[in-house]
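Heads up, the thing below is written out as structure tokens.
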Amino acid sequence: LRQIWQKLVLIIATVVMLISGILSGIARNLWEFLICRAAVGFSEGIGIGPAAAYSAEIATLKFRSFSLSSVGFGWGFGTTLSSGLAYFTLNPLGWRGYLITIAL
């Protein structure tokens, strides 16, 4: 039952993060932008805990440390990769393209 809730929280956090990230890219004013970015940060904070717990539960004892470090590495790599992708879209699309690229 606990794994079902962990999966559900991960799915909801991912969907909220994706939608809020895209909405922050098409925000019309500062308040919309700030609310959407706060939703992104909130869902990221909610999702990282269950992701680490779930990876620790499904991994065997031998590979548990690798599994937990992969969660942190994946988060860091994804952040770096999205910033790199956004750099190439920043010139033609402006700052909104940057935020939409990071969200994806």
Side-chain angles (χ1 to χ4, degrees):
L1 183 63
R2 182 175 51 201
Q3 286 184 350
I4 293 171
W5 283 107
Q6 286 175 347
K7 287 179 185 178
L8 183 63
V9 168
L10 283 173
I11 290 169
I12 291 172
T14 303
V15 169
V16 169
M17 191 182 316
L18 180 65
I19 292 171
S20 299
I22 292 172
L23 288 177
S24 68
I26 58 173
R28 293 185 211 136
N29 58 36
L30 179 64
W31 289 108
E32 289 178 7
F33 173 74
L34 291 177
I35 289 169
C36 290
R37 291 313 294 173
V40 168
F42 182 71
S43 61
E44 185 175 335
I46 286 178
I48 196 73
Y54 186 67
S55 70
E57 286 181 7
I58 63 172
T60 62
L61 189 59
K62 182 177 180 182
F63 295 107
R64 188 165 295 159
S65 62
F66 176 75
S67 174
L68 287 171
S69 65
S70 296
V71 171
F73 175 78
W75 177 74
F77 183 74
T79 302
T80 305
L81 181 67
S82 65
S83 297
L85 288 174
Y87 173 77
F88 292 110
T89 62
L90 186 59
N91 291 334
L93 298 177
W95 67 273
R96 294 179 192 268
Y98 173 76
L99 291 174
I100 291 172
T101 305
I102 286 179
L104 297 176

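The residues of the chain are indexed from 1 along the displayed sequence.
- Atoms CG and CG, on N29 and L34 in that order, are 9.0 Å from each other to the nearest 0.5 Å.
- When every heavy atom of P50 is checked against every heavy atom of G47, the shortest pair comes out as CD-O, 3.6 Å.
- To the nearest 0.5 Å, atoms CZ (R64) and CD (E57) are separated by 8.5 Å.
- Each of L10 and I4 belongs to its own hydrophobic cluster when Ile, Leu, Val, Met, Phe, Trp and Tyr are linked at side-chain heavy-atom distances under 4.5 angstrom.
- Of all heavy-atom pairs between A53 and Q6, the closest is CB-NE2, 3.7 Å.
- Across A39 and S20, no two heavy atoms sit closer than the pair CB-OG, 3.3 Å.
- For L23 against C36, the heavy-atom pair with the smallest separation is CB-SG, 3.6 Å.
- A continuous path of hydrophobic side-chain contacts links V16 to L8 [ILVMFWY only; heavy atoms under 4.5 Å].
- Follow the hydrophobic side-chain contacts under 4.5 Å out from Y54 and you never reach V71; the two are in separate clusters.
- When atom types are taken as modelled, the side chain of S67 and the backbone of F63 share no donor-acceptor pair closer than 3.5 angstrom.
- Note that CG of L18 and OG of S43 are 9.5 Å apart. Values are rounded to the nearest 0.5 Å.
- Between the side chain of S69 and the main chain of F66, a donor-acceptor pair closer than 3.5 Å is present.
- Taking CD1 of I46 as the start and CZ of F42 as the end, the distance is 3.5 Å to the nearest 0.5 Å.
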